[in-house]
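These notes concern the structure reproduced below.
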Amino acid sequence: MTDAQPSAPPPHISIRALTFDYGGKRPAVDALSFDIAKGEFIGLLGPSGCGKSTTLRLFAGLMAPTSGQISIGGQDIVSRPPWERNLGLVFQSYALFPHMTVTQNVAFGLKLRKIGKEETAARVAEALRAVRLDGFGHRRPSELSGGQQQRVAIARAIVIEPEILLLDEPLSNLDARLRDEMRFEIRDIQNRTGITTLFVTHDQQEALTMCDRIAVMNAGRLEQIGTPTEVFDRAATPFVANFIGRANTLRSTLDRNGPSLLCDGQPLPAPPASELPASGSDVSVMVRPHAIRLRPAGSGGVAATVARRVFVGNMIEVELTLTGGQTVAVELQPNDPAVPLAIPGAAVDLDWSRDDMRIFAA
Amino acid sequence: MARLISLLARAYVMAVFAFIFIPLLIIVVISFSADSYLSFPPSDWSLKWYGEVLSNEGFMQGLKNSAIIAAIVALLSLGFGLPAAYALERLDFPGRTLIRNLILAPLILPAMMLGLGILMVFTPAGLVATYPGLVLAHLVMTLPFSVRILQTTLSNLGADVEEAAMTLGARPLQTFLRITLPRLMPGVVASSAIAAILSFDEIVLSLFIVGPRLTTLPVAIYRYVDERTDPMVAVLAVLLIAISLAIVLVVERSVGFAKAFGR
Ligand SMILES: Nc1ncnc2c1ncn2[C@@H]1O[C@H](COP(=O)(O)OP(=O)(O)OP(=O)(O)O)[C@@H](O)[C@H]1O
Ligand SMILES: [Mg+2]
């Protein structure tokens with residue numbers, strides 16, 4: 001959206017006003033528009049029920065959009081049936097063929113493509129190796145654990161070397177170690193093959209670590225699309241700021257002369273004029289807990305009282321109350337010199353850089 | 001108190017079983033009678049009534065007719081029922097819900113009314129007392145069952161596995177043959193068997209459209225019982241039960257087998 005380079009190549013995939021309505025209160029996918037470049041690894045991130053799976057189903061042609069377009073390589077594919085789209089889709093439910101062995105499952109797409117016996121065997125073996133399932137070929141899906149089934153589904157989708165790979169929470173059922181391994185493996189396969197990939201997840205960590213760009217969805221709408229740094233540091237909406245990482249929300253008043261911000265009567269760091277919302281004086285100021293510094297009371301900043309302090313392993317979480325009653329969370333490294341200040345009941349001053357602050361119309 | 005309730009419950013279950021099975025038992029016993037009238041217990045034992053049935057031209061012809069009709073009905077019921085169930089379960093078209101409900105209508109309508117209607121249509125069409133006529137009449141009864149059973153099986157299977165096949169490049173027919181049908185086998189066997197049993201036991205509709213040229217075993221038995229009561233009736237009852245039971249057993253074995261194989 002905002003990061004369109006002047007000499008950008010034509011997008012591989014282009015979605016325009018994509019809408020799907022199940023007939024509920026509002027469309028499950030609501031006027032989605034964005035472009036994906038060839039070979040890009042895009043994360044589709046959003047809370048449960050925000051329309052991620054529905055979007056993938058529209059891509060795969062399993063449902064026809066209520067309105068809007070999906071074009072691949074400049075051609076509108078909305079009227080093309082699923083079997084002519086050459087996509088690899090990993091279902092959230094795995095959807096393995098229960099009456100076939102693992103090998104037969106993975107070989108299914110190759111058989112339909114009339115690939116020779118030997119090549120099929122080789123490619124199936126390679127795909128199973130990639131998902132760490134060599135030696136499981138003769139089993140039936142019912143004889144596998146959930147995580148193993150999930151990996152068969154991945155192997156079945158990648159083995160056909162599709163033009164686009166659609167992954168619907170493909171790692172949700174794996175333990176932490178295997179998940180890390182599979183993240184790496186999926187990224188590695190994608191780098192090697194250059195398959196344009198749409199990766200659905202509701203795990204922000206996964207999206208931030210794996211994806212070239214992240215499309216954040218909420219209630220069927222696209223909130224923001226951008227690189228992990230962009231969506232994390234320069235959240236476009238309060239939803240994005242809250243959904244990706246933690247954020248403090250401070251209800252404040254904006255004075256456009258200056259400009260300056262007041263939160264419960266206390267001045268906040270001065271906002272850059274370019275970052276102000278278009279209109280209104282009631283705003284939400286968002287600051288990440290790790291961006292806030294604690295200083296001794298009276299050294300200048302926003303006055304606050306420490307309410308609680310919790311040690312959570314790699315950092316210390318401090319909860320503070322502002323004079324007007326709003327609460328603020330701050331994360332401190334254990335070696336931060338401000339740690340001794342964080343004693344429940346103590347008065348402190350809070351401070352942060354104006355670049356770490358996002359301002360939204362309330 | 002709890003023991004008393006448990007005892008009463010057990011007695012109740014026994015009573016129900018007795019109510020169902022004692023008449024059956026009595027029939028089986030009488031079928032081996034040597035008497036020439038129905039009496040219990042029989043004064044002497046023999047297999048003569050079995051011999052009578054097996055050498056009775058009318059019954060044997062009826063048995064043959066019923067078996068042929070049941071087999072054809074089972075086949076057609078599947079042949080028409082499967083596409084209908086598939087369409088009702090997997091495809092979206094206007095009026096789907098209406099058809100879903102209408103297709104069950106023959107189960108609700110009194111068989112007498114259906115029989116009368118069928119007779120009125122079949123007489124001018126020359127279908128009375130013919131194989132096609134009887135098969136068609138039985139299909140009216142069996143199709144709703146077949147469609148319903150197959151529809152339930154399909155809906156339990158869920159569509160995502162078929163969708164996965166399609167995204168891998170399988171056209172609808174390929175998907176149906178290689179993915180849907182193998183997983184549908186239990187439903188296919190069950191619905192065919194039920195169609196066969198329903199057709200084999202069907203009497204009300206048959207009564208309307210059999211004739212001297214073509215009659216079914218249940219109708220032949222019905223006519224015989226109307227005139228006389230001797231142990232031959234018991235033998236016929238035992239035969240009917242045995243045939244239905246055989247079909248059920250075959251189904252049980254093969255569906256169990258298919259399930260172990262497919263799921
Ligand atoms: N078959 C359906 N009929 C009606 N509404 C549906 C159907 N499937 C999904 N929805 C609704 O559409 C919305 C989007 O569903 P979708 O499955 O796309 O969500 P999702 O983002 O994939 O969620 P999750 O992370 O839980 O998988 C939800 O509100 C859901 O209730
Ligand atoms: Mg989903």
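Letters A, B, ... are given to chains in the order of the sequence lines, protein chains preceding strands, and every chain is numbered from 1.
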Engaged part of [X] at the chain B interface, taking heavy atoms whose separation is under 4.5 Å:
| X | value |
| --- | --- |
| A:L110 | neither |
| A:R156 | both |
| A:F91 | side chain |
| A:L112 | side chain |

Between [Y] and [X], is the closest basic N to carboxylate O distance under 4.0 Å?
| X | Y | value |
| --- | --- | --- |
| A:R183 | A:D188 | no |
| A:E84 | B:R171 | yes |
| A:R57 | B:D160 | no |

Tell me if a side-chain donor or acceptor on A:E206 pairs with a main-chain N or O of A:C211 at a distance below 3.5 Å.
no
Would you mind checking which part of B:A165 comes under 4.5 Å of any heavy atom in chain A, side chain (CB onward), backbone (N, CA, C, O), both or neither?
both
For B:Q174, is it the side chain, the backbone, both, or neither that has a heavy atom closer than 4.5 Å to a heavy atom of chain A?
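When you check distances to chain A, only side chain atoms of B:Q174 fall under 4.5 Å.
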May I ask you to check whether B:F19 and B:F17 place their ring centers less than 6.0 Å from one another?
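Judged by ring-centre distance (under 6.0 Å), B:F19 and B:F17 do not meet the cut-off.
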